[in-house]
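Below: the structure, in structure tokens.
Counting starts at 1 for both ligands and their atoms, in listed order.
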Amino acid sequence: MRNHLLKEVDTLSSQQLELCYHCHKCTAGCPVVDAMQYGPDLLLRMVSLGQDDAVFKSRDIWLCVGCYTCATRCPNDIDIAATMDGLRQMALARGYPAGERDALLFHRLSMGVVQRFGRSHEAFMLGLFKVLSKVPLMNDVPAGIGLFMRGKVPVLPERLSAPLQVRQIFAKTRSKK
Ligand code: SF4
Ligand code: SF4
């Protein structure tokens, strides 16, 4: 029988996590698993056992970068990235602080930049992130200069022709909460 947590996560992320038979393929391919506490496979197990508190306190839901590697490897087509999105949303709604403070800041800045300019602008976003986060200010400077010199990071943000429509998408999303 599905517990309350499993039902809610299934509904919010449009998944059927009970199909997971813990083959571990998702965790074996996850690029950030070394930094995680449990890894995607074990986290799903905790959801299916109804371990709300441990799941919502976990750093893992904040460290997932949404790369979809797990989803492409899963024999049962479980989209764990969507599940992680749902778990983050549920953790915040229940008043849990983000397991990774800087990850939440990064999410918010990233969405804020897209909302402002209509698309991402890495240099602007990372500059803000460095100032506001606990990450040492200078540790990515050499890599940043290299990217800039190769023209990979534009100095000024490109503006979309329809920024208003992008802002409307954000407004609609907020009104559904
Ligand atoms: S790959 Fe799919 S079935 Fe296997 S452990 Fe991960 S979520 Fe479960
Ligand atoms: S989507 Fe998240 S959990 Fe899945 S492989 Fe990527 S980082 Fe890992």
Side-chain angles (χ1 to χ4, degrees), residues 1-94 96-115 119-122 125-126 128-130 132-136 139-140 143-144 147 152-153 169-170 173 176-177:
M1 211 175 89
R2 291 192 306 166
N3 66 62
H4 179 73
L5 177 64
L6 182 58
K7 271 190 208 163
E8 199 172 337
V9 178
D10 271 0
T11 306
L12 193 60
S13 59
S14 305
Q15 301 301 306
Q16 274 188 281
L17 300 189
E18 54 277 25
L19 293 178
C20 172
Y21 45 49
H22 300 287
C23 65
H24 207 64
K25 282 187 80 173
C26 50
T27 301
C30 175
V32 293
V33 72
D34 286 348
M36 288 182 168
Q37 284 172 282
Y38 308 110
D41 169 21
L42 190 50
L43 199 75
L44 292 198
R45 187 76 184 133
M46 290 158 67
V47 171
S48 66
L49 291 173
Q51 296 178 350
D52 307 41
D53 195 53
V55 168
F56 293 134
K57 281 181 181 163
S58 155
R59 305 170 64 208
D60 297 13
I61 61 178
W62 295 99
L63 287 174
C64 168
V65 293
C67 66
Y68 291 96
T69 306
C70 48
T72 59
R73 291 170 66 93
C74 178
N76 293 318
D77 291 329
I78 297 172
D79 182 347
I80 299 179
T83 304
M84 295 290 200
D85 277 341
L87 289 172
R88 284 192 287 267
Q89 204 176 319
M90 288 167 73
L92 290 181
R94 283 161 173 73
Y96 282 86
E100 279 288 308
R101 173 198 176 266
D102 287 343
L104 179 59
L105 176 67
F106 191 87
H107 276 273
R108 289 191 167 146
L109 287 177
S110 169
M111 286 297 100
V113 169
V114 173
Q115 187 173 359
R119 65 191 315 161
S120 182
H121 183 251
E122 292 82 358
M125 194 188 78
L126 284 175
L128 275 178
F129 180 70
K130 287 283 182 182
L132 298 173
S133 73
K134 291 178 179 163
V135 176
N139 70 344
D140 293 323
L147 288 171
K152 302 285 185 193
V153 181
I169 293 171
F170 277 90
T173 309
K176 281 186 181 171
K177 281 184 186 170

Just to check, does His24 reach to within less than 4.0 Å of ligand 1 when the distance is taken from its heavy atoms?
yes
Got the closest protein heavy atom to atom 2 (Fe) of ligand 2, with its distance?
Cys64 SG, 2.3 Å
Closest non-hydrogen protein atom to atom 4 (Fe) of ligand 1, residue and atom name please, with distance?
Cys23 SG, 2.3 Å
Just so I know, are the side chains of Leu104 and Leu92 near enough to count as touching, which here means a heavy-atom distance under 4.5 Å?
yes
Counting N and O atoms only, with roles assigned by atom type, does the side chain of Asp60 sit under 3.5 Å from a partner on the main chain of Tyr38, one being a donor and the other an acceptor?
yes
Test item: Asn76 side-chain N/O and Leu17 main-chain N/O as donor-acceptor pair under 3.5 Å:
no
Has the side chain of Thr173 got a donor or acceptor atom that lies under 3.5 Å from a matching backbone atom of Ile169?
yes
Salt bridge between Lys7 and Asp10, side-chain N to carboxylate O under 4.0 Å?
no
Could you identify the single nearest non-hydrogen protein atom to atom 8 (Fe) of ligand 2 and state the distance to 0.1 Å?
Cys30 SG, 2.4 Å
A student checking ligand 2 against Tyr68 at a 4.0 Å heavy-atom cut-off should list atoms 1 (S), 6 (Fe)
What are the atoms of ligand 1, with element, lying closer than 4.0 Å to any heavy atom of His22?
5 (S), 8 (Fe)
What is the nearest protein non-hydrogen atom to atom 3 (S) of ligand 1, stated with its residue, atom name and distance?
Asn76 ND2, 3.6 Å
Checking heavy atoms under 4.0 Å, the part of Ala71 that sits near ligand 2 is neither
Mind checking whether Leu44 contacts ligand 1 via backbone (N, CA, C, O), side chain (CB onward), both or neither, at a 4.0 Å heavy-atom cut-off?
side chain
How about Cys67: does one of its N, O or S atoms come closer than 2.8 Å to atom 6 (Fe) of ligand 2?
yes
Side chain, backbone, both or neither: which part of Ile80 comes within less than 4.0 Å of ligand 1 when only heavy atoms are counted?
side chain
Record the part of Val32 in heavy-atom contact with ligand 2 below 4.0 Å; permitted values are side chain, backbone, both and neither.
side chain
Suppose we only count N/O/S atoms under 2.8 Å; would Cys20 qualify as near atom 8 (Fe) of ligand 1?
yes
Take every heavy atom of Gly29, measure it against each atom of ligand 2, and state whether any distance is under 4.0 Å.
no
Numbered atoms and elements of ligand 2 in range of Val65, under 4.0 angstrom, heavy atoms
2 (Fe), 7 (S)
Side chain proximity check, Leu43 to Ser58, heavy atoms < 4.5 angstrom
yes
Close side-chain approach of Cys67 and Pro31, heavy atoms under 4.5 Å:
yes
